[in-house]
Number of protein chains: 2
Amino acid sequence: MTERSATRGMAHASSTDGTLARTAATDRVSDDARSVPEATVARLALYLRVLTTLVEAKTATVSSEELAAAAGVGSAKLRKDLSFLGSNGTRGVGYDVSRLASRIEHALGLNHRHRVALVGAGNLGHALAGYDGFAERGFTVTALFDNDHARVGERVGELVVRHLDELDRVCVELDISIGVVATPAAAAQSVCDRLVASGVRCILNFAPIVLQVPDTVDVRKVDLAVEMQVLSFHVARRAAKQVRTTQNGTVVVP
Amino acid sequence: MTERSATRGMAHASSTDGTLARTAATDRVSDDARSVPEATVARLALYLRVLTTLVEAKTATVSSEELAAAAGVGSAKLRKDLSFLGSNGTRGVGYDVSRLASRIEHALGLNHRHRVALVGAGNLGHALAGYDGFAERGFTVTALFDNDHARVGERVGELVVRHLDELDRVCVELDISIGVVATPAAAAQSVCDRLVASGVRCILNFAPIVLQVPDTVDVRKVDLAVEMQVLSFHVARRAAKQVRTTQNGTVVVP
DNA sequence: TACTGTGAAAGAATTCACAGCC
DNA sequence: GGCTGTGAATTCTTTCACAGTA
């Protein structure tokens, strides 16, 4: 029932009344990925991006201090994060850039490509379909759907817009693992339901509503208005402090 | 120096070496906003959206249980969140919908409009410029900039694309309070620097790099690739569990 | 020497559970 | 009876600081 907001992160799902979450989230999966805290997972993706630029710059090794600065986190936090991968730096030297990069890739499940279905071919859909960052990280946008018959058949990059009615069939045929909802709010829940019915178990939601899904499905949400409102809060807080500051005559450290 | 990722949330900023964060984040601002935890701020925006739909549906009151379910959180968490606003429900009844909505609006600083400058008029820029959610929440996209002379002068909704060279002047003239960076990675840092130089102190960054800013500036980041990678991690974890499950012959609760 | 990896301490966020009020 | 508001308990996350090692 629950949806995981983009600004937080929690284990699997929780039922409506709040009872019983995380089926077995904390037990370790034997193979290789130890139980990695949610907060750490999000940062691993960040480190990976920095590492990729280092690989391109032919940098061979990097210290936790350097990598942390480039990623905008503290070095202790970075080391702790990496330690969950049972990671392998060299004391006195640092981390082997490409080795660490592939370790993280593996931990995040990026060692094989993911097929992505994108629903909603409006402005946002176009932007997402053309977003290089997806392809670079192993995500292939394989299908693009829209409700609007006028848009069906339109070419967007390498894709052709299909009608929503094909969604169920195409998702199964193409073995889609991730669905992206970029529709208006009104359509989002029904699109989501169809994705779930087609076997899609991971959804990235851009629509400004909270999607209701069964416990077996993971939803992440990107909410632009929420991001802006958090900024607004900080503007307001800053303004309030300004006022108090001038009243006191004290100056806040610049 | 630090950047606040979209998936976490931390106080003001921390210097490169990790020393000394949050200037005075925990002290209360006299006027009205008590120190509200970062995690709570993000959720308040969410509650507000649900409340808005309730207002439209002419619902007069709502219980914490109902509101929490609609927002996809537990009811205890919701009540705790609201309690930071010194909030005002009625025991045995619930919350007055419109009263609570305006309380939250006030706490988030949404009681007056924010002028937003958007930099980058590519696909994403277009999508953002046309995003209704901004206007609905009091954010007016007031200016739109691009580097590319070919795009300057193009109309996007009510806006006309201006050249980046005008950024400094226009930001000051229009008293922009929030800047949105929707440029390619290569241009992002320099755009950010110019925004900061023009007095913009809150930035929403869509470019896939970590922006370096002075402590006085707040950055929030939306990173689409990171969101996808977190999903990928869950796909992988799920797959690993599947395997183990079949090995054991046990079936995980559906 | 310069750096990693990690226990142990500190700090946030979440959840519980119940007193208090309508 | 039903529901809010909140201390106290719990769990998650970050930070510290240092033992250990190439």
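Throughout, protein chains are lettered first and strands after them, A, B, ... in sequence-line order, and every chain is numbered starting at 1. The analysis underlying the following values was restricted to heavy atoms, covering all of them including side chains, and did not include hydrogens, waters or symmetry mates.
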Colleague: Round to a whole Å and report the spacing from CZ of B/F84 to P of D/dG5.
Modeller: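 Rounded to whole Å, this separation is 13 Å.
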
Colleague: Relative to each other, are the rings of A/F134 and A/F139 parallel, tilted or perpendicular (30° and 60° limits)?
Modeller: perpendicular

Colleague: Between B/A76 and A/T90, who's closer to the 5' end of DNA chain D by nearest nucleotide?
Modeller: B/A76

Colleague: Specify the separation, in whole Å, of atom CZ of B/R99 and atom P of D/dT4.
Modeller: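 Taking atom P of D/dT4 as the reference, CZ of B/R99 is at 14 Å.
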
Colleague: What's the CG-C1' distance between A/N88 and C/dC3, to the nearest Å?
Modeller: 14 Å

Colleague: Report which part of the nucleic acid B/D81 touches: base, sugar-phosphate, or nothing (heavy-atom distance under 4.0 Å, all strands).
Modeller: nothing

Colleague: Answer yes or no: does a side-chain N or O of A/S64 lie under 4.0 Å from OP1 or OP2 of C/dT4?
Modeller: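 True: A/S64 side-chain N/O within range (under 4.0 Å) of C/dT4 OP1/OP2.
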
Colleague: Write down the distance between CG (B/L78) and P (D/dT6), rounded to a whole number of angstrom.
Modeller: 14 Å

Colleague: Consider side chain to side chain contact (heavy atoms under 4.5 Å, CB included). Of B/V180, B/V213, B/V200, which one does B/L195 pass it with?
Modeller: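 Checked B/V180, B/V213, B/V200 against B/L195; only one passes side chain to side chain contact (heavy atoms under 4.5 Å, CB included): B/V200.
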
Colleague: Which part of the nucleic acid does B/T40 contact within heavy-atom distance under 4.0 Å: base, sugar-phosphate only, or nothing?
Modeller: nothing

Colleague: Between atom NZ in A/K77 and atom P in D/dT14, what is the gap in whole Å?
Modeller: 4 Å

Colleague: Is A/Y95 close enough to D/dA22 that one of its side-chain N or O atoms is under 4.0 Å from OP1 or OP2 there?
Modeller: no

Colleague: Between A/R79 (CZ) and D/dA17 (P), how many Å, whole number?
Modeller: 13 Å

Colleague: Assess the side chains of B/R137 and B/T52: does a donor N or O sit below 3.5 Å from an acceptor N or O?
Modeller: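 Looking only at side-chain atoms, B/T52 and B/R137 do form a donor-acceptor pair, the distance falling under 3.5 Å.
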
Colleague: Of the nucleotides C/dT14, C/dT6, C/dG5, which has the atom closest to the A/S87 side chain?
Modeller: C/dG5

Colleague: In terms of the nearest nucleotide of DNA chain C, which residue is placed more toward the 5' end: A/L82 or B/P37?
Modeller: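 Residue closer to the 5' terminus by nearest nucleotide: A/L82.
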
Colleague: Measure NZ/A/K80 against P/C/dA9 and give the value in whole Å, please.
Modeller: 12 Å

Colleague: In whole Å, I'd like the distance from the CD atom of A/E65 to the P atom of C/dA2.
Modeller: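 So the CD-P distance, A/E65 to C/dA2, works out to 13 Å.
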
Colleague: Just by distance, do the side chain of A/N205 and the backbone of A/I209 share a donor-acceptor pair under 3.5 Å?
Modeller: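 A pair under 3.5 Å: yes.
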
Colleague: Evaluate the criterion side chain to side chain donor-acceptor pair (under 3.5 Å) for residue pair A/H234 and B/E38; output intermediate values, then yes/no.
Modeller: CA-CA 10 Å; A/H234 288 294; B/E38 278 287 324; 3.0 Å; yes

Colleague: Heavy atoms from C-beta onward define the side chain here; which of C/dC16, D/dA19, D/dC3 lies closest to that of A/R91?
Modeller: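 It is D/dA19.
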
